[in-house]
Amino acid sequence: MQRGDSRKRTFTTVIAGVLAATAVLTAAAAENKTGTARGRGAVDTSESPHVLLRSLPMSDVRWTGGFWADRFALCRESMLPTLHGTLLDPKCSAQLNRIKFTAGLCEENPGGVNWADGDCYKWIETMAHVYALTEDAKLDRLMDEWIAVIAKAQDPDGYISTNKGQDTTARLQMPYFHEMYNFGHLLTAACIHHRATGKTSFLDVAVKLADFLHREYESNPPRLVHFPWNPSVYMGLIEMYRTTGNRDYLETAKTMIDNRGTKPGGHHRNGGTDQTQDRVPLRRETEAVGHAVCGTYLYCGAADLYAETGEKAIRDALRRIWQSIALRKMDVTGSVAMGGGRSTRGDPVHEAFGPDYAQPNEYNETCANIGNGMFNYRMLSLDGDAKYADVMERVAYNCLNASVDLKGENWFYCNPLAWDGTPGQKHHTGLRWRTNNCYCCPPSVGRTTAKIHNWFYGISKDGLWVHLYGGNQLATALADGSPLGLVQRTDYPWDGKVTLVVEAAGDKPFAIRLRIPGWAEHAGLKINGRPFDGAVEPGSYAKIARRWKPGDVVELNLPMPVRLMEAHPKVEKLRNKVAVMRGPLVYCLELPKRDDGQRIWNDGVFLPENIQLEPEHRKDFLGGVTILKGTALTFKGRDRFVKDTAAAAAPKPADADNRLYRPLAPRALKPANEGTVEISLIPYYAWANRGLSMMEVWIPLAR
Ligand SMILES: [Zn+2]
């Protein structure tokens, strides 16, 4: 516990004043060995030497209203109690009472799967994130209660697993028993609990566990070289290093990452193949391969390692892997993971990244999609390139929110981009479920929703970076310790107007950078009513450097015309199809069976290339969404339209660039008036809330 610097203490003073939270902070500090835990971010890069953008303390951004405030409230009021109830439900694969049984606090073994512990820890992490913003005493007590159980379930030497006596009597024998998954989520949840509450009860458990792992890996025994599953442990260990300052944990994570790919040729359950990113050493990797949760978590862990060590070979590999995902293997929603098959190097893979240009992926496991967002958040912190924030935003709106229903109670494991109206089976269903035989996704959605405000801002040496937009109040400290307070007002993502009002600022000039999304052509920017004279380019940050004072107003206007998106010509499955986007949102055509959807589906729905889709905000529909209304074509209308427009000049071929998705260039044609059907599109995230339906994101194009 040696970390902490004067900058943190300055921050604590500032925040205590701004948020009038002195009493809470003092109470927390009394129990807090470092005295600075509450000055740290969810991914704590506050002292990482090799990041460009440092994270903000977890409680510095607070929701004030709008889209994400509603999502946070949904998480607190519905997702959290639902997760709790389900983790106690005997039908669920993840079982809180398994920990009780291991602790000797209940007679009966409730069963459950061998990765159940990790899912329980993610639930505690969700509570800790919510607590960081709410100081909800009930959550604090509930966390205390379960942390005491976890502490009792731990062996004296630090090892902890509820698998004992089930899959194995020995420790660390088989990677696929998911001990590393469970460890990783314990370590992360304990760091977050410590940062949120200042308490060390969970951190003490985590220290013992991390010390155990360090002892096991210190001599790097051959048996542990092939131990590749569940890289959540790398993030957990590095976060433990950041929390405690103990370099052993960083070294252990590095050893684990260095081991990967050094013994190729095995079986997907125990390592050596592409399934677990274990055929090729990470530093030499050129593409994203294998299990997409393991993959994205490995890339996150490696980015965390780079943030601390600055090893160029790792950063270069991560940049190559990012290109492989974002330019060749990602869906328009930001989702990844095509399912099963073989890697390009011939290994059997499942729940895996697809080959290049194989979209749309229909598997898209929730945790993998969120992992893609987490990876982009880390790359953004390293490089400050807006392209990472674009992916992060895509994932946040279109993947994260799609994985849970509007009640915050039911979940998706797979996130298909088309559905045929059938119920489906196992992971691949047309209706979200309450419980499942693999419960990894729901607590991932919970913890990410609860902490998403951590993705909104970054701090560099010269100022503040605004990555995402949503109504919130920021009260933080800049790199030099000077205070910064501002309020962000917006109805984003329904409207592209964002107003920032400075509430507190020091005397020295600094920069505020605003992200101009890659999709936002012709963005407008004003400061105190006067047009900004610097660059405002899509896919970059507009940098406003000046002496700021309370009352300064920044107005950003991001126009949100409806865009028909086409995929790169190499994506064969998407030829002559378009996805509809407005702002950051991907839309879908959903035809609920109960609303005559079957008939409309059978008659066919085609989007003429010149379709006019009009936005209409509906407060009382699907939790309040902007829908898009327009006139599409049936099979009959499509044939007629194609005939009528055959004489027009041929459509312009798409630009020969490497973008995976790009706006279609429509021709000026007369609107179709025969064989038409009125349609309305809804945001993709809101689908499957009206019973079984036919749904598609990629809609056939008429031209
Ligand atoms: Zn999952």
Side-chain angles (χ1 to χ4, degrees), residues 75 79 82-83 86-87 89 91-95 112-126 176-178 180-186 188-189 229-233 235-236 275-277 288 290-301 331 333-340 349-353 361-375 395-396 398-405 408-416 424-429 431-452 685 688:
C75 179
M79 292 184 209
T82 302
L83 291 169
T86 312
L87 290 170
D89 180 341
K91 292 195 296 296
C92 185
S93 66
Q95 285 292 323
V113 295
N114 50 20
W115 58 95
D117 306 4
D119 298 339
C120 296
Y121 303 144
K122 282 190 273 181
W123 167 65
I124 296 178
E125 187 195 333
T126 308
Y176 204 64
F177 289 159
H178 301 297
M180 293 295 172
Y181 175 82
N182 298 329
F183 295 162
H185 289 293
L186 187 153
T188 299
W229 277 89
N230 306 130
S232 43
V233 76
M235 283 182 275
Q275 168 66 2
T276 47
Q277 300 80 34
H291 193 280
V293 183
C294 290
T296 52
Y297 278 29
L298 166 63
Y299 312 144
C300 287
D331 272 325
T333 52
S335 59
V336 291
M338 192 179 76
V349 292
H350 71 261
E351 304 196 301
F353 286 105
N361 306 327
E362 296 298 336
Y363 199 81
N364 295 335
E365 198 227 317
T366 296
C367 294
N369 301 341
I370 291 173
N372 190 30
M374 290 158 55
F375 175 43
V395 169
N398 304 299
C399 296
L400 174 65
N401 295 329
S403 308
V404 58
D405 69 359
E409 294 175 348
N410 298 291
W411 321 86
F412 272 145
Y413 185 98
C414 289
N415 294 272
Q425 56 178 331
K426 209 177 169 216
H427 295 325
H428 210 243
T429 63
L431 290 175
R432 296 177 187 83
W433 38 260
R434 180 68 65 93
T435 184
N436 194 17
N437 60 0
C438 183
Y439 200 66
C440 54
C441 303
S444 287
V445 175
R447 72 179 184 139
T448 310
T449 305
K451 72 174 176 192
I452 196 101
Y685 78 80

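Read the numbers this way: they start at 1 and go in the same order the structure lists the ligands and their atoms.
Using a 30° and 60° split on the angle between ring planes, F375 and Y299 fall in the tilted class, from 30° to 60°.
Taking 2.8 Å as the limit, the number of protein N, O or S atoms around the Zn ion (ligand 1) is 4.
Side-chain polar atoms of Y176 and N114 form no donor-acceptor pair below 3.5 angstrom. Side-chain contact check for N415 and T366: at least one donor-acceptor pair (N or O, by modelled atom type) lies under 3.5 Å. No hydrogens or angles considered: a donor-acceptor pair under 3.5 Å links the side chains of D405 and N410.
Within the 4.5 Å cutoff, no side-chain heavy atoms of L400 are placed close to those of N369.
You'll find the ring centres of Y413 and H427 inside the 6.0 Å limit.
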